[in-house]
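Keep in mind it's a predicted model, so treat the numbers as computed, not measured.
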Amino acid sequence: MLRASLVIGFTTLLAALGLSVLTIEWQKQQQNADLLALAERTATGLDQKFTIWKTALAALAESHAMVEDFDIDILRREAQRITEEVGGWAVLMPADDLSQHLFNTGLEQTTSFRTAYPARAMADTAAKSHASGQIEISDVFFGQASRKFIVTVVQVITASDGKDYVVALCFDAGVFTRHVETAALREGDFISITDASDRIVGRSRDIDDFFLRPVPQWFLNEAVTSPPGLPTVTEGTGAEGVKASRYVFARHPLHAAPGWHTAVATPAPYLVMGSYVTLVPMLGAFLVFGSLMTLEAARRRGISLRESQARADHEKRLRLDLEQALDRAQKSEATRINMLGVLGHEMRTPVLSALAAIRMFPENLKRQDARGRLDLAEKGLQALQSLIDDILDLTRFRAQDFRLNPSPFVLSGLLREVADIAEPMAERHRLAFRLDWPTDAPRVIGDPARIRQILLNLLFNAFRYTRQGQITLTASWQETENGLCRIQIDVTDTGPGIPVERIDSLFDASARVEQQNGNRINGLGLGLVISKKLAEEMGGAITVQSRIGHGSSFRLALCLPLAASQLPNRPEPAAAPTGIPAGKSVLVVEDNPLQAELVSEVLKGMGIKTQIAALGQEALAAVSKTEFDVILIDLGLPDMTGVDLIRQLKAKGSPAFHIAFSANIASLDPEEQTLFDAMLAKTGNISALRQAIAKVVTPAAPARATDN
């Protein structure tokens with residue numbers, strides 16, 4: 001009996017011990033699987049964050065890959081918009097001098113400034129990006145400009161000026177601490193994020209264990225010797241005085257940031273054995289525990305299956321989003337390539353016409369038939385100038401740098417000016433041109449130049465598509481009780497009409513309607529796009545009504561404030577004075593020799609003494625020696641801006657009449673415009689230049705004027 005009891009007891013003991021060992025091993029495997037899953041979820045979240053950062057940086061660099069003129073201000077505004085979406089801040093530096101910040105959206109400065117040379121990690125990351133041509137992620141380092149621990153994604157780009165620049169998105173390393181997953185942590189569990197230099201840059205909450213100290217050497221050795229890019233589980237001792245003597249670590253690499261990884265630690269399980277008297281209860285406890293663990297394993301498997309299904313659904317949605325984004329990018333690229341092809345053709349056509357006319361000019365001089373060829377050259381260059389103006393307007397809209405210039409004007413006078421331009425076009429196209437608007441004209445406040453541009457675009461399209469019949473320009477207006485004037489201006493043609501399904505695409509860039517015979521009308525298709533944006537900027541709208549075979553009607557609707565009743569009526573444009581007193585002198589401050597020579601020849605033909613200065617310092621030296629009546633100032637000089645020059649001239653007490661002479665007058669803000677006595681745009685219109693100079697050099701010239 002005793003022997004049987006001993007056998008039963010010994011068998012029970014062995015079974016309990018075996019079951020205990022199996023249970024502990026099973027528990028350890030489950031724990032390791034849970035740790036790996038937690039490390040994987042944390043690593044996946046970080047990979048997505050790094051991917052978002054890289055995508056944002058790629059978008060920032062790619063947005064200016066095709067820009068012909070590398071504009072730092074536009075790039076800074078784009079960087080500000082992107083960083084507001086992803087967090088952090090952006091820095092632009094020359095690749096050969098990382099201490100020079102051309103801009104840093106994390107600081108208040110908006111112009112170039114220098115800092116102490118950045119940390120070595122930043123320089124090494126930039127060099128690696130330069131060598132690989134890829135976006136690189138830096139180790140966490142202490143930035144000289146930010147004065148905080150930061151991590152950066154860096155890319156080196158070659159701009160249109162031929163120079164290499166470093167574009168970096170910078171983020172506070174605290175973002176990792178806020179990101180780590182803590183919902184599934186138990187008592188004594190920890191999560192850390194380690195960079196490529198094996199420094200802990202992000203930690204979970206309630207950390208009072210070895211993670212506040214250097215990482216144990218055994219863990220680093222295991223991390224170095226483990227297969228790269230694969231998750232690993234290791235076990236080792238904790239630091240002195242910690243809650244548990246041994247820890248189990250699960251490590252998972254970050255694919256988006258090679259060398260980085262997440263690590264999860266939990267105390268190692270162990271078995272406490274009791275006395276022989278407790279063997280039978282222990283066996284029962286083990287059996288119950290085994291049953292409970294089986295149920296727990298089933299519960300965990302259910303959770304794991306649901307999490308796997310959720311991850312699969314998320315990955316499916318992510319793939320769908322990526323496919324849609326790729327499709328949009330491919331369509332955008334196709335549109336861009338088509339746009340560039342059309343743009344090249346449309347710009348090449350007027351240039352070739354002008355070149356052909358100029359090359360034929362010597363032969364035409366012999367036959368005394370030069371004027372016709374010069375007209376051809378002038379028309380070609382005017383077409384090119386109009387195309388460039390449209391592209392610049394569209395660029396200003398997209399850069400949100402567009403300004404209106406409101407002023408009082410008489411609506412009927414503006415319509416008469418538009419009609420005077422359109423009537424010769426009607427004669428050339430052999431079309432009837434009919435006008436219809438009331439004789440009483442209100443005086444309103446708006447931008448007459450932009451309204452004229454909209455109406456001319458609509459009329460040009462009408463003449464372009466209409467082969468027979470007539471073009472009608474009609475207008476009506478109604479004054480409201482709250483001091484506003486509701487205006488409707490219609491441009492109606494008898495052309496082929498527009499299909500209903502094509503009307504919505506009329507105001508898309510590069511959209512052009514084909515005629516019924518299939519012939520495509522020349523043009524880049526920007527006129528209607530810009531007209532619609534101009535109307536919307538002024539609070540109005542453009543609508544279209546059309547029927548196939550019955551023509552089209554475009555309506556411009558505006559609501560403009562009435563000018564104050566005490567303002568005088570708009571005077572008719574005065575004729576340019578013809579009698580210029582002898583001895584008048586003009587200083588032309590222009591660095592472009594061809595432009596300066598053209599202006600000088602025009603002034604000499606008016607009997608005016610002319611002197612040219614290519615630099616701002618040359619102009620200051622000339623003014624100190626000679627007193628000029630007029631100074632024409634280009635806004636973009638090699639050694640200083642035109643605004644800097646006018647301020648120095650004002651400081652010296654220059655008595656001359658100062659005129660801003662530039663192709664980009666709109667770049668001046670209102671305060672800068674007040675520094676000049678007048679503004680003259682470089683349009684190539686020689687008569688406008690003669691008229692502007694004649695107005696200011698005659699005794700009856702007004703004190704200030706503006707000619708745009």
Note to self: Rounded to the nearest 0.5 Å, what separates atom SG in Cys559 from atom CH2 in Trp477?
What the structure shows: 15.0 Å

Next item on the list: Give, for atom CD of Gln673 and atom CG of Asn405, the distance between the pair rounded to the nearest 0.5 Å.
Entry: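 One gets 6.5 Å once the value is rounded to the nearest 0.5 Å.
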
[X] versus [Y]: any side-chain heavy-atom pair under 4.5 Å?
{"X": "Leu632", "Y": "Val589", "answer": "no"}
{"X": "Asp493", "Y": "Tyr465", "answer": "no"}
{"X": "Trp437", "Y": "Ser476", "answer": "no"}
{"X": "Arg486", "Y": "Glu479", "answer": "no"}
{"X": "Ile74", "Y": "Ile72", "answer": "no"}
{"X": "Cys485", "Y": "Pro561", "answer": "no"}

If you compare all heavy atoms of [X] against all heavy atoms of [Y], which two are closest, and at what distance to 0.1 Å?
{"X": "Phe433", "Y": "Ala426", "result": "CB-CB, 3.7 Å"}
{"X": "Leu645", "Y": "Ile633", "result": "CD2-CG2, 3.8 Å"}
{"X": "Ala660", "Y": "Leu668", "result": "CB-CD1, 4.4 Å"}
{"X": "Asp629", "Y": "Ser585", "result": "OD2-N, 2.9 Å"}

What pairs of donor and acceptor atoms, side-chain ones from residues 538-550 against any protein atom, are under 3.5 angstrom apart with sequence neighbours left out?
residue	atom	partner	partner atom	Å
Ser546	OG	Ile498	N	2.7
Ser546	OG	Gly551	O	3.2
Ser546	OG	Ser552	OG	2.8
His550	ND1	Ile548	O	3.3

Who are the side-chain hydrogen bond (donor to acceptor under 3.5 Å, both in side chains) partners of [X], not counting sequence neighbours?
{"X": "Ser412", "result": "none"}
{"X": "Asn482", "result": "Thr480"}
{"X": "Glu423", "result": "Arg416"}
{"X": "Asp490", "result": "Arg555"}

Donor-acceptor contact below 3.5 Å, side chain [X] vs main chain [Y]:
{"X": "Thr494", "Y": "Gln468", "answer": "yes"}
{"X": "Thr105", "Y": "Ala90", "answer": "yes"}
{"X": "Glu417", "Y": "Leu414", "answer": "no"}
{"X": "Ser654", "Y": "Lys650", "answer": "no"}
{"X": "Asp634", "Y": "Leu637", "answer": "no"}

Check: Do His429 and Phe463 have ring centres separated by under 6.0 Å?
Finding: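 Between His429 and Phe463, the centre distance is under 6.0 Å.
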
Note to self: Between Arg450 and Gln453, is there a side-chain donor-acceptor contact under 3.5 Å, judged purely by atom types and distance?
What the structure shows: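 Side chains of Gln453 and Arg450: pair found under 3.5 Å.
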
Check: Are Thr492 and Thr472 close enough that a side-chain donor and a side-chain acceptor fall under 3.5 Å?
Finding: no

Check: Under a 4.0 Å N-O cut-off, is there an ion pair linking Glu78 with Arg81?
Finding: yes

Item checked: Lys532/Glu536 salt bridge by N-O under 4.0 Å criterion -> yes

Notebook entry, point to check: Sequence neighbours excluded, which residues qualify as side-chain contact (heavy atoms from CB on, under 4.5 Å) partners of Ser600?
Noted result: Lys604, Thr610, Ile612

Check: side chain to side chain contact (heavy atoms under 4.5 Å, CB included) with Leu560: which of Ile451, Asp447, Leu484, Ile445?
Finding: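 Option passing the side chain to side chain contact (heavy atoms under 4.5 Å, CB included) with Leu560: Ile451.
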
Check: For atom CD of Glu501, is the number of surrounding heavy atoms from other residues, nucleotides or ligands below 6.0 Å larger than 12?
Finding: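 Atom CD in Glu501 is crowded, with more than 12 foreign heavy atoms closer than 6.0 Å.
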
